[in-house]
Structure formats: C-alpha cells, structure tokens
Q: 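Submitted below is the structure of interest, expressed as structure tokens.
Positions are given from 1, in the same order as the sequence printed here.
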Amino acid sequence: MTQNADKRRATIIVFFILFLLVCLWGLAAQQNWINGQLLGSPYGIYHSAVIGLTQGQLVFDTWITFYETIMGLVIGSGLGIILGLGLWFYPKLSQVGEQFSVILNSIPKIALGPLIIIWFGSDTTSKIWLSAISSFAVAMISACAVAREIDSDLMNLFRSFKASNAQVFRKLIIPSSVPWIFSIIRINVGFSLIGAVVGEYISSNNGLGHEIFVAGSLFDLNTVWLGVIVLTVMASLVTWCIQYIEKRVVKWKA
C-alpha cells in the first residue's frame, strides 16, 4: 500500500508541475514576455486541437500513427523476443545473433527509411516495417542476454533431474524471462513510435508525423506542439496499459 501511495503521490506532483508550467507559459505568451508566434502558446494549441477535432483530421492522424506503432511493436518485439530466447538452444549461434543485433541497432533508422519506403511503398505497410525494425534489435539483444543470465543454480537443479532442453526452456527460461519481456516491450514503445513517425516524415499523406512535418514547414508552431503532445500522451497510455497487463500476468513479481 505504501508503494502504491508513493506512486500516486509522484503522479500528482508531476501533473501539478506540468499544470504550473503550462499556466506560466500561457501567461508569458499573453503578456508578450515571449514570442507566441515563435514558441507557440497553450491557447493556440487548444485552438489547433479544436480545429483538428472538428474536422476529424486529428483523430484520423492519431489512429494511423497508433496503428502503425502497435503493429510495429508487436511484430518487432515479438520476432526479437522469440529469436532471442530461441537462440538459447544454440549458444554459439546466440553470440553471432546478438552481435548482428548490435550492428542493426547501431544503424540510424532514419537512414533505412528511404529503403523501406522504396521496398514496401508509401502506405502504412512501410511505416509498420520501419517501426518493427526500430524495436526488433533491442528486443533480440535483451532476450539473448536474459536467456543467458538465468540463475545457474536453478539451471543445475533442472539438470540434476535430467530435464531435457525443451523442458528447461518451457519451465525455466520462459517463466523467468516474463518480467524482462514486459520491460523490453515498455522500452520498445518509444522506439516503435519513433520508427512510425520517421516513416511519416519521409513519405506519407497521413499520420501525426506528417501533420507535424507540414505544420513545421508552414511555421505553425501550435500544431507542431499539438502533435508532440498527442504523441507523448499516446506513448504514455500504451506504456501504462502494458504495465497494467504486467501486474495482472506477473502477480508474483511484487
């Protein structure tokens, strides 16, 4: 109970600080202490949000980016985790796979954007694959490390009972990896979102990334801020949903 109370208190403090900063920002823009055209203003952001919601474009762009992010997260993290854990059966190959993932992770994803769009087109498919690539390497690296760092005493205990590799993997590796898997997925929310937005920046007619790019080109800073806020809220909500599922699945973690 104390831990939950501390979390609630921290959340309230964070929201209070954000509210105070927004109020100071709005006051500074209203009193011309700052250049509202150059830095934007809370009222201008609100006005842009009303227009976007009334026309329906904001909702549509948010849905497109959300769909691309979730699909990329599922595909990239899923493949990375499955391959990373599966390589436990092949220790020597695991080292090769992990090094390959490190190299892939070091490549700036924005550099792969034009290639992915040329290969898969400019529709949502290319954004999903770019989002998946952005999360795949991190998932595979982490899964390989988790499988390799399983408690050696537990491993020896299973071996002493003549457990097969399949039994060890099913009854030890996977259950022990579940908390780490959720941590990997939470981390990859941001990477998947970045991949989707980068793809929308490069070539897209829809999505929050496209909206931010167009607004920036027109020096519409309020719409840019609106897109950034919606992306932040989206990532936070997805992360909180994953944490909620984790608490229900990994009840013994606490």
Q: If you compare all heavy atoms of V189 against all heavy atoms of A235, which two are closest, and at what distance to 0.1 Å?
A: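 It is CG1-O, 3.9 Å.
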Q: So F158 and K171, do their side chains get closer than 4.5 Å, heavy atoms only?
A: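 Yes, side chains in contact.
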Q: Ignoring hydrogens and angles, state whether a donor on the side chain of S77 or N188 is under 3.5 Å from an acceptor on the partner side chain.
A: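 Distance-only check passes for S77 and N188.
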Q: Looking only at heavy atoms, which two atoms of C144 and L87 are closest? And how far apart?
A: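 Here C144 and L87 meet closest at SG-CD1, 4.2 Å.
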Q: Between atom CE of M71 and atom OG1 of T69, what is the distance when rounded to the nearest 0.5 Å?
A: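 It comes to 11.5 Å.
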Q: Would you please classify the geometry between the W129 ring and the F120 ring as parallel, tilted or perpendicular, with 30° and 60° separating the classes?
A: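 Aromatic pair F120/W129 classed parallel.
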Q: Where is the tightest heavy-atom contact between S176 and P179, given as atom of each residue plus distance?
A: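 Between these two residues, the closest heavy atoms are O-CD, 3.6 Å.
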Q: If you apply the rule side chain to side chain contact (heavy atoms under 4.5 Å, CB included), what do you find for E200 with N206, and how did you get there?
A: CA-CA 7 Å; E200 292 171 352; N206 300 298; over 6 Å; no
Q: Hydrophobic clustering (ILVMFWY, side-chain heavy atoms < 4.5 Å, transitive) - are V59 and V230 grouped together?
A: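 Looking at the clustering, V59 is in the same group as V230.
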Q: Between T65 and L208, is there a donor-acceptor pair closer than 3.5 Å when you use the side chain of the first and the backbone of the second?
A: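 Indeed, once roles are kept as given, a pair shorter than 3.5 Å links the two residues.
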Q: Got R159 and V168 here, is their nearest side-chain heavy-atom distance under 4.5 Å?
A: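 SC-SC contact between R159 and V168 confirmed.
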Q: If I compare all heavy atoms of I184 with all of A143, which pair ends up nearest, and what's the gap?
A: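 Reported closest heavy-atom pair: CD1-N, 4.0 Å.
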Q: Are more than 12 heavy atoms from other residues, nucleotides or ligands located less than 6.0 Å from atom CZ of F213?
A: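 No, CZ of F213 has 12 or fewer neighbouring heavy atoms, counting only those of other groups under 6.0 Å.
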Q: Could you grab the distance from atom CG of L21 to atom CG of L24, nearest 0.5 Å is fine?
A: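 Spacing of CG (L21) from CG (L24) equals 6.5 Å.
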Q: How far apart are the C-alpha atoms of L73 and S131, what are their side-chain angles, what is the distance that settles it, and do they pass the side chain to side chain contact (heavy atoms under 4.5 Å, CB included) test?
A: CA-CA 7 Å; L73 178 66; S131 176; 5.6 Å; no
Q: Hey, is the main chain of G207 close enough, under 3.5 Å, to the side chain of K127 for a donor-acceptor pair?
A: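 No, the answer is negative, given that no donor and acceptor are paired below the 3.5 Å cut-off.
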Q: From F169 CZ over to N165 CG, what is the distance, rounded to the nearest 0.5 angstrom?
A: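 Those atoms lie 10.5 Å apart.
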Q: Give a yes or no on whether V178 and I187 share a hydrophobic cluster (residues Ile, Leu, Val, Met, Phe, Trp, Tyr; joining criterion: side-chain heavy atoms under 4.5 Å apart).
A: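 Different clusters.
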Q: Counting only heavy atoms not in Y67 (residues, nucleotides, ligands), do more than 12 fall under 6.0 Å from its OH?
A: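 Incorrect, the count does not exceed 12.
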Q: Donor-acceptor check, side chain of S135 to backbone of A132, threshold 3.5 angstrom: yes or no?
A: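 A pair under 3.5 Å: yes.
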Q: Rounded to the nearest 0.5 Å, what's the gap from OG on S217 to CD1 on I212? Could you check?
A: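 With rounding to 0.5 Å, OG (S217) is 11.5 Å from CD1 (I212).
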Q: Just do the side chain to side chain contact (heavy atoms under 4.5 Å, CB included) check on T223 and E211 with the steps written out, would you?
A: CA-CA 8 Å; T223 302; E211 182 177 339; 3.5 Å; yes
Q: Check whether S126 reaches the backbone of I117 with its side chain - one donor and one acceptor, N or O, closer than 3.5 Å.
A: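 Flag not set: sc S126 to bb I117 has no pair under 3.5 Å.
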Q: Could you measure the distance from the CD1 atom of I75 to the CD1 atom of I70? Nearest 0.5 Å is fine.
A: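 Rounded to the nearest 0.5 Å, the CD1-CD1 separation comes to 11.5 Å.
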Q: Which heavy atom of V146 sits nearest to which heavy atom of S177, and what is that distance?
A: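 Shortest heavy-atom separation between V146 and S177 comes out as CG1-OG, 3.4 Å.
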Q: Roughly how far, to the nearest 0.5 Å, is OG of S203 from CD1 of I116?
A: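 Spacing of CD1 (I116) from OG (S203) equals 13.0 Å.
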Q: For the pair Y46 and Y43, name the ring-plane relationship: parallel under 30°, tilted 30 to 60°, perpendicular over 60°.
A: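 The rings of Y46 and Y43 sit tilted, inter-plane angle from 30° to 60°.
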Q: For W225, which residues count as a ring-ring contact (aromatic ring centres under 6.0 Å, His included) partner, sequence neighbours excluded?
A: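 Scan of W225 (ring-ring contact (aromatic ring centres under 6.0 Å, His included), adjacent residues dropped) gives W25.
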Q: Mind checking whether M140 and I82 have side chains closer than 4.5 Å, heavy atoms only?
A: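 Result no, sub-4.5 Å side-chain heavy-atom pair not found.
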Q: Which heavy atom in S134 sits nearest to a heavy atom in G195, and how many Å separate them?
A: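 So the minimum-distance heavy-atom pair works out to OG-CA, 3.5 Å.
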Q: Does L221 share a hydrophobic cluster with V50, counting links as ILVMFWY side-chain heavy atoms below 4.5 Å and allowing steps through other members?
A: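 In one cluster: no.
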Q: Given 3.5 Å as the limit, does a donor-acceptor pair link the side chain of Q167 with the main chain of S164, or not?
A: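 Present.
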Q: Decide yes or no for L27 and C23: does some side-chain heavy atom of the first lie under 4.5 Å from some side-chain heavy atom of the second?
A: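 No. Closest side-chain heavy atoms not under 4.5 Å.
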Q: Counting C-beta onward and ignoring hydrogens, is there a side-chain heavy-atom pair between E246 and R186 closer than 4.5 Å?
A: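 In short, these two side chains touch, coming nearer than 4.5 Å.
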Q: Is Y244 close to K247 at the side-chain level, that is, under 4.5 Å between some pair of heavy atoms?
A: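 In short, these two side chains do not touch, never coming nearer than 4.5 Å.
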Q: Given the rule in the side chain to side chain contact (heavy atoms under 4.5 Å, CB included) test, do H210 and D61 qualify, once you have shown the distances and angles that lead to the verdict?
A: CA-CA 8 Å; H210 171 73; D61 287 335; 5.7 Å; no
Q: With a 4.5 Å cut-off on side-chain heavy-atom distances among I, L, V, M, F, W and Y, is there a chain of contacts connecting L237 to I242?
A: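 L237 and I242: one cluster.
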Q: Are the side chains of V224 and F219 in touch, meaning some heavy atoms are under 4.5 Å apart?
A: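 With C-beta onward as the side chain, the pair stays apart.
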Q: Looking at side-chain heavy atoms only, is the closest gap between F66 and V238 below 4.5 Å?
A: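 Contact flag for F66/V238 side chains = yes.
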